[in-house]
Amino acid sequence: MASNGRGVADRRGTGGWESVLETERTLEPGAEWHSELYRVAVDQFTRAADLLGLEDEIRARLREPRRALVVNFPVRLDTGHVESFTGYRVQHTLTMGPMKGGFRYGPGVSLGECAALAMWMTFKCALVGLPFGGAKGGVRCDPNRLSERELERVTRRYASEIFPIIGPDRDIPAPDIATGEREMAWFMDTYSQQVGHPVPEIVTGKPLVLGGTEGRDIATGLGVVYCIEELMETAGEAVDTQRVVVQGLGNVGGTVVRELAQRGATVVGVSDVTGGVVDPDGLDTEAVGDWIAGRRFLRGFPGGRHVGRVEVLEQPCDLLVPAAVEHQITGVNAPRIEARWIVEGANGPTTPEADEILAARGIEVLPDVLANAGGVTVSYFEWVQDQQKLAWQAAEVAVRLRLQLDDAFGRVREARDRRATDWRTAAQSVAIERVAEASRLRTIYP
Ligand code: NAD
């Protein structure tokens, strides 16, 4: 719909402003969320919705977020200077229960990016059977250039700004890129100060001593590895014979490297924001872990051959795990990927154009909504424990995580076979069917 000024005038009656509108361009539906990532999310959604024959009414309701809050707030830096920051919280659907989703810090954080990520959170929760709708948020900033005290002030002010739309039964934030236990502790304290009593269940991913759960720190990476184990079983192969490349060495990528190495896989390439290293004979993953723990970034690591942070994706391997940021495997580099499977630890690392090229080349992609769902699953466990004032043992968390993910994997595999489609469309179709059913049952208020 490029321009339908006439249509708008028709709908709005015959007021004096009609002639003005006739010449104006009407924005397309979803224009608010315009971004590359939202385009990808809608493209993936549309493929699955087409496969399901989803009715237009539900399509329209799921294609766009239900609510968004944009905030601009001042923070005093250590120099005394005051800087303004922009933050977001996007809530995709209220149909399934309270909303759940992380918040991230980065120079490219935008409303459209949060909208796409919130939509994926809805489908991720539905796929795993969690009683949540999706949300996402973040603050546009460069966390590497802010001191710890500045980050604390940003986090606390962001928490206060989005206070009106969050709550333990409304919307429960969690960690994402560049946020972790430390930020969750500040966030929980700020919310608790506002209401006048401790509310641990306002965020998940907190330190254990503040009501966090055993296993949340490694949950996303461990979930990726559980999915890889299921994938290998489906393919009739063993994990310990696989050569693996992992992009990203943070919470998710770092855990994937460690867990896969422990299971006997050979890690032939890794990268972080500062670059990558490859070694076809296998890298010393313990040395990589120690280097990152001591120096934060991979730059200067004395081992392997140094390559670019994106170039690492082209290293020949069996399993490629993008676990850094979105938009890494595109129409440009997909023809050069030399993996047999891609397992998405990150959200949105593969574009629809790349998906098509990879499918034509016989490379299977296990999608983010399934592969990285371990994080929100254990976040759900944390929320349940907080609500009930319980503390589960680490072994119980791991067993429950495995059960929940194996079950989701099985449903996706069944849908993929029954509908003769790819893993991504199958996963999205299972999730969308569930949300659509709930939407139909709740009908429309009033
Ligand atoms: P993180 O901040 O802990 O780590 C990010 C890693 O990626 C770092 O090693 C960083 O150096 C690297 N990186 C950043 N930009 C890069 C680039 N352009 N090229 C290569 N490496 C780059 O973040 P995280 O929590 O591990 O999240 C990683 C991804 O997983 C994100 O897409 C996030 O949305 C997704 N995810 C995270 C969780 C979670 O529980 N943390 C849950 C689900 C999904």
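FYI, side chains are in, hydrogens and waters are out, and symmetry mates aren't considered; it's all heavy atoms of this structure. One-based numbering, in listed order, for ligands and for the atoms of each.
- Near Thr220, meaning under 4.0 Å from any of its heavy atoms, are these atoms of ligand 1: 38 (C), 39 (C), 40 (O), 42 (C), 43 (C).
- A salt bridge links Asp78 with Arg153: at least one charged nitrogen is closer than 4.0 Å to a carboxylate oxygen.
- For the pair Lys124 and ligand 1, the shortest N or O to N or O distance does not fall below 3.5 Å.
- For ligand 1, the atoms lying closer than 4.0 Å to a non-hydrogen atom of Ala323 are 28 (C).
- A distance-only check finds no donor-acceptor pair linking the side chain of Asp240 to the backbone of Arg263 [under 3.5 Å].
- Only the backbone of Ala178 comes within 4.0 Å of ligand 1, counting heavy atoms alone; no side-chain atom from C-beta on gets that close.
- Looking at Val256, Thr255, Ile218, Asp272 and measuring to atom 20 (C) of ligand 1, the nearest heavy atom belongs to Asp272.
- When hydrogens are left out, the protein atom nearest atom 31 (C) of ligand 1 is Ala324 O, 3.3 Å; that is the closest non-hydrogen contact.
- Residue Glu83 places its CD atom among more than 12 non-hydrogen atoms of other residues, nucleotides or ligands, all under 6.0 Å distant.
- For Arg67 (side chain) and Val90 (main-chain N/O), no donor-acceptor pair under 3.5 Å exists by modelled atom type.
- Listed for the Glu382 side chain is a donor-acceptor partner under 3.5 Å among the backbone atoms of Gly205.
- At least one cation-pi condition fails for Arg157 and Phe73: the charged atom is not both under 6.0 angstrom from the six-membered ring centre and inside a 45 degree cone around its axis.
- No donor-acceptor distance shorter than 3.5 angstrom exists from the side chain of Glu214 to the backbone of Ala394, with no hydrogens or angles considered.
- Among protein heavy atoms, atom 18 (N) of ligand 1 sits closest to Arg309 NE, 3.5 Å.
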Should Trp383 and Phe132 be marked as a ring pair (Phe, Tyr, Trp, His ring centres under 6.0 Å) after you check the CA-CA gap, both sets of side-chain angles, and the distance that decides it? CA-CA 11 Å; Trp383 182 72; Phe132 294 129; 5.0 Å; yes
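- For ligand 1 and Arg216, the ligand atoms under 4.0 Å from any heavy atom of the residue are 40 (O).
- For the pairing with Lys100, the side chain to side chain donor-acceptor pair (under 3.5 Å) check across Thr122, Thr204, Asp171 returns one residue only, Thr204.
- The nearest heavy-atom contact from the protein to atom 10 (C) of ligand 1 is Val273 N, 3.9 Å.
- Taking only nitrogen or oxygen atoms, main chain and side chain alike, Arg104 reaches within less than 3.5 Å of ligand 1.
- The single protein non-hydrogen atom nearest to atom 25 (O) of ligand 1 is Asn251 CB, 3.7 Å, given as residue, atom name and distance.
- Atom CG of Leu51 is separated from atom OG of Ser429 by 6.0 Å, given to the nearest 0.5 angstrom.
- Between Gln328 and ligand 1, not a single N/O pair is under 3.5 Å apart.
- Only one option out of Glu183, Arg104, Arg216 pairs with Pro175 in a side-chain contact (heavy atoms from CB on, under 4.5 Å); it is Arg216.
- With a 4.0 Å cut-off on non-hydrogen atoms, Glu326 does not touch ligand 1 at all.
- Of the protein's non-hydrogen atoms, the one nearest atom 23 (O) of ligand 1 is Ile177 CA, 3.8 Å.
- Listed by atom number, the atoms of ligand 1 under 4.0 Å from Val252 heavy atoms are 24 (P), 26 (O), 27 (O), 30 (O), 37 (C), 38 (C).
- Taking each of Val369, Thr179, Asp176, Thr204 in turn, the one with a heavy atom nearest to atom 33 (C) of ligand 1 proves to be Asp176.
- Below 3.5 Å of separation, one finds an N or O of Leu249 facing an N or O of ligand 1.
- For Gln387, the CD atom counts as densely surrounded, since its 6.0 Å shell holds more than 12 non-hydrogen atoms of other residues, nucleotides or ligands.
- For the pair Gly250 and ligand 1, the shortest N or O to N or O distance falls below 3.5 Å.
- Ranking protein heavy atoms by distance to atom 32 (O) of ligand 1, first place goes to Asn347 N, 3.0 Å.
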